[in-house]
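Single-structure report; data block below.
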Protein chains: 2
Amino acid sequence: MARSAKLRRPATLASLAAELGVSRTTVSNAYNRPDQLSPELRQRVLETARQLGYPGPDPVARSLRTRQAGAVGLLFTEALSYAFRDPAAVGFLEGLALGCEEAGQGLLMVPASPEADHAHTAAAVHRAAVDGFVVYSVPDDDPHFAAVQQRPLPLVVCDQPILEGVDHVGIDDRGAMAGLGGHLIELGHRRVGVICMRLGRDRNDGLVEVARQHAAHFHVQRARLAGLQDAFGPEEWSAVRVVERFDHTVESGASAAAQLLDHDPGLSALAATSDILALGALEELRRRGLRVPEDVTVTGFDGIPEAERIGLTTVRQPVREKGRAASRLLLERAEGRCRSISLPTELMIGQTSGPAKVADAPWFSGL
Amino acid sequence: MARSAKLRRPATLASLAAELGVSRTTVSNAYNRPDQLSPELRQRVLETARQLGYPGPDPVARSLRTRQAGAVGLLFTEALSYAFRDPAAVGFLEGLALGCEEAGQGLLMVPASPEADHAHTAAAVHRAAVDGFVVYSVPDDDPHFAAVQQRPLPLVVCDQPILEGVDHVGIDDRGAMAGLGGHLIELGHRRVGVICMRLGRDRNDGLVEVARQHAAHFHVQRARLAGLQDAFGPEEWSAVRVVERFDHTVESGASAAAQLLDHDPGLSALAATSDILALGALEELRRRGLRVPEDVTVTGFDGIPEAERIGLTTVRQPVREKGRAASRLLLERAEGRCRSISLPTELMIGQTSGPAKVADAPWFSGL
DNA sequence: GCGTTCTTCTGAACCGTTACCGTCACTGTA
DNA sequence: TACAGTGACGGTAACGGTTCAGAAGAACGC
């Protein structure tokens, strides 16, 4: 009997109940509310379940009935491969995963299908069985993000613009970068080259006009560039060359640095909007035999471990805390809605920034 | 009418159908099979759905009916915080996430509850609404892993022992480490100190006897130590000091190196079972003013980018490909079951390994 | 002896969808 | 006019559980 049931089709709570001659409720209770039935019966249920190969209540059916999935959905930067290579993104993921784990919630990474597949672009978002969404650093016009907003679920965005009625966590990218810019100015840097990550969903490796800077689809990059502009002032900023790279890699940073230096060998500083890119700039400078910071100053942003190890001047941001904050906001939603958390940053002055070498005032370099 | 329905309770496919005066099937088809109904009716359905605030078919109900969740479950190293700091683990995750994304599948990170919570330890595994599981580098006796095996779903394990009837992907840790050991021996190293990651679920920071090495609960560490033993031979190996560290961090590597050097300042080489630990060893050596490789040789394992950048002698393993292979194995299950994939590794001889300094034969160091 | 309480278990109503098969109107053909 | 073929839509029955309000019987107090 038991065998045939096993062979015919997977055992269910109902078939198990029938086999035992008890009600479904009782079997359900055996798993979910041990105090609701006698220990002996419970043992018998569990024992029979094992014999029949019943693996316990089906998670999906349970979710349907209880109206909770026990998981949080994560919409990550579309280009997954780069996301995992960005220590800041990984740090965020770590914090978020930790927060979810502590709450016993799963973390579902929602697949972002390629743009090409127009009709089904956001299908995965609609298919995700989750109790809420965290959206991390997607471009403003991302169709997946739009789909997420359509679902009637709690939502937290991170490293994105503050949106009406949507919980938010982030840092003051603009202010922090302005602080770093101020540091450069204090050191006398005026001929500065800037390296930034991609500003839109399209690949655009090269110089960036001010218009494109302001129209950037990625909030974080837009804000950081604006911060530098704040520090330098509009007129000086218009003379600053900004180079964009689609791929967020050390090699990209190197090639961007090369492009800037080829254009103006007299640059006294290279400011990158991420540490990864700054590492690439350092590599390129080493290749060219230029000393840091004696010949050229280099700065980054993020405060990744490797940057810290080599003493890069950068802004340290609490990436893990961002993840934790996001999970908290999502999971502990109780009081008045629409909260916005801005975490503190720290300007880390390392060994890669120094006084600008002023060509026509050599004595100045000693400052 | 529409308003009241919206206020009373969230709209469902049925309520929408009632509102429209069509059958539920038709509404369902409007979403899932556009070719099954006239474009006009479909438009009308979608339009009414928008007005009623119906967000489309409920993912959970759909999953229950179609018997597929559209997601892959991932059981990751219990200590999540360390997993995300291990570039090898992150690389695996990247490959896996990419493979899932391409297949349009979600990736659900299953929360591993703390051991303390005995009864519910594996509850999250039972709650996971997934179509299959990937298990990555968990200890042999992990209760979550046991729970995964109970679920009647496809399963792939990675960086774990090969199990009867379970798909598997990994590398030849033992052989690769034996190769690295051979390299050390060729260079004349005999007084070697070894630094390894934790060997069990318990914290045991310190020296490791051979018995514990063989009883290690983590397959990868066990295999790598065994590989070194293969290279050195049993008798020489018994003289080699192995130090274990629970936390997988650069600092741990440094402190382990310090412990080894304090014990035997005459060590000519430090072999770590991971690049992260090796980086720590390099740091400690720098602190002590010892040159690498002139005074001490250092080797790692994994081939993480930073190691490559500084020219660490190590074994490069294709971590991303491991992830991709796991996703392939899980998602393209069709032919004869129980496949095992072993990916190739590459011995990377960098600038951190050199000939052993032989105390009583100084000329030897010039070799 | 009788009402009360407790324990243990049952019945039936959902949860929101999709699969399967049937129906019905309409068209073209002989 | 009859009939098969086709496109568009409807009805019914799962899918596998959870939950709540009780029923049946035992234990208890007075």
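Lettering follows sequence order; numbering is per chain, from 1.
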Task: Candidate nucleotides D/dA14, D/dG17, C/dT10, ranked by approach to the side chain of A/Ser23 - the nearest - done: C/dT10
TODO: For B/Arg24 and C/dC20, give me the distance from atom CZ to atom C1', rounded to whole Å.
DONE: 14 Å
Open item on the list: Over all strands shown, is B/Asn32 touching base, sugar-phosphate only, or nothing at heavy-atom distances under 4.0 angstrom?
Closed with: sugar-phosphate
Open item on the list: Rounded to whole Å, how long is the line connecting atom CD of B/Gln36 with atom C1' of D/dC9?
Closed with: 10 Å
Open item on the list: We want to know whether B/Thr26 and B/Ser23 form a side-chain donor-acceptor pair, criterion being a heavy-atom distance below 3.5 angstrom.
Closed with: yes
Task: Distance in angstrom units between B/Arg127 CZ and D/dG16 P, rounded - done: 19 Å
Open item on the list: Whole angstroms only, please: what is the OH-C1' distance between A/Tyr31 and D/dT19?
Closed with: 18 Å
TODO: May I ask you to evaluate whether A/Arg67 reaches the phosphate of C/dC15, defined as a side-chain N or O under 4.0 Å from OP1 or OP2?
DONE: no
Task: Atom pair CG/CZ of A/Leu108 and A/Phe133 - distance to nearest 0.5 Å - done: 7.5 Å
Task: Side chain of B/Ser28 (C-beta onward), nearest among C/dA19, C/dT18, D/dT18 - done: C/dT18
Task: Closest to side chain of B/Thr66, choosing from C/dG16, C/dA13, C/dA19 - done: C/dA19
Open item on the list: Is the phosphate of C/dT10 approached by A/Thr26 (side-chain N or O, under 4.0 Å from OP1 or OP2)?
Closed with: yes
TODO: Evaluate the salt bridge (charged side-chain N to carboxylate O under 4.0 Å, His left out) criterion for residues A/Arg201 and A/Asp141: first the C-alpha distance (whole Å), next the side-chain angles of each, then the deciding distance (0.1 Å), finally the verdict.
DONE: CA-CA 9 Å; A/Arg201 297 218 305 268; A/Asp141 56 348; 2.9 Å; yes
TODO: Select one nucleotide: of D/dC9, D/dT18, C/dC9, the one nearest the side-chain heavy atoms of B/Leu37.
DONE: D/dC9
Open item on the list: Under 3.5 Å, is there a donor on one side chain and an acceptor on the other for B/Arg42 and B/Asn29?
Closed with: no
TODO: Please state whether the phosphate of D/dG17, meaning OP1 or OP2, lies under 4.0 angstrom from any side-chain nitrogen or oxygen of A/Tyr54.
DONE: yes
- [ ] Return the nearest nucleotide to the side chain of A/Ser38; candidates are C/dC9, D/dC9, D/dT19.
- [x] C/dC9
TODO: Assign A/Arg33 to base, sugar-phosphate, or nothing according to its heavy-atom contacts below 4.0 angstrom with the strands shown.
DONE: sugar-phosphate
- [ ] Figure out the CG/P separation between A/Leu64 and C/dA13, and round it to whole Å.
- [x] 18 Å
TODO: To the nearest Å, give me how far apart CD (B/Glu40) and C1' (D/dG7) are.
DONE: 13 Å
Open item on the list: With a cut-off of less than 4.0 Å, is there a side-chain N or O of B/Arg65 near OP1 or OP2 of C/dC15?
Closed with: no
Task: Side chain of A/Thr25 (C-beta onward), nearest among D/dC20, C/dA13, D/dT12 - done: D/dC20
TODO: Measure the spacing between CD1 of A/Ile162 and OG of A/Ser340 and express it to the nearest 0.5 Å.
DONE: 3.5 Å
Open item on the list: Assuming nearest nucleotide by heavy-atom distance, tell me which of B/Pro57 and A/Gly21 is located more 5' along DNA chain C.
Closed with: A/Gly21
TODO: Would you indicate which nucleotide in D/dG17, D/dG10, D/dG16 comes nearest to any side-chain atom of B/Val22?
DONE: D/dG10
Task: Point-to-point distance, once rounded to the nearest 0.5 Å, from CZ of A/Phe145 to CG of A/Leu75 - done: 8.5 Å
Task: Nucleotide C/dT18, atom C1' - distance to CG of B/Asn29 in whole Å - done: 9 Å
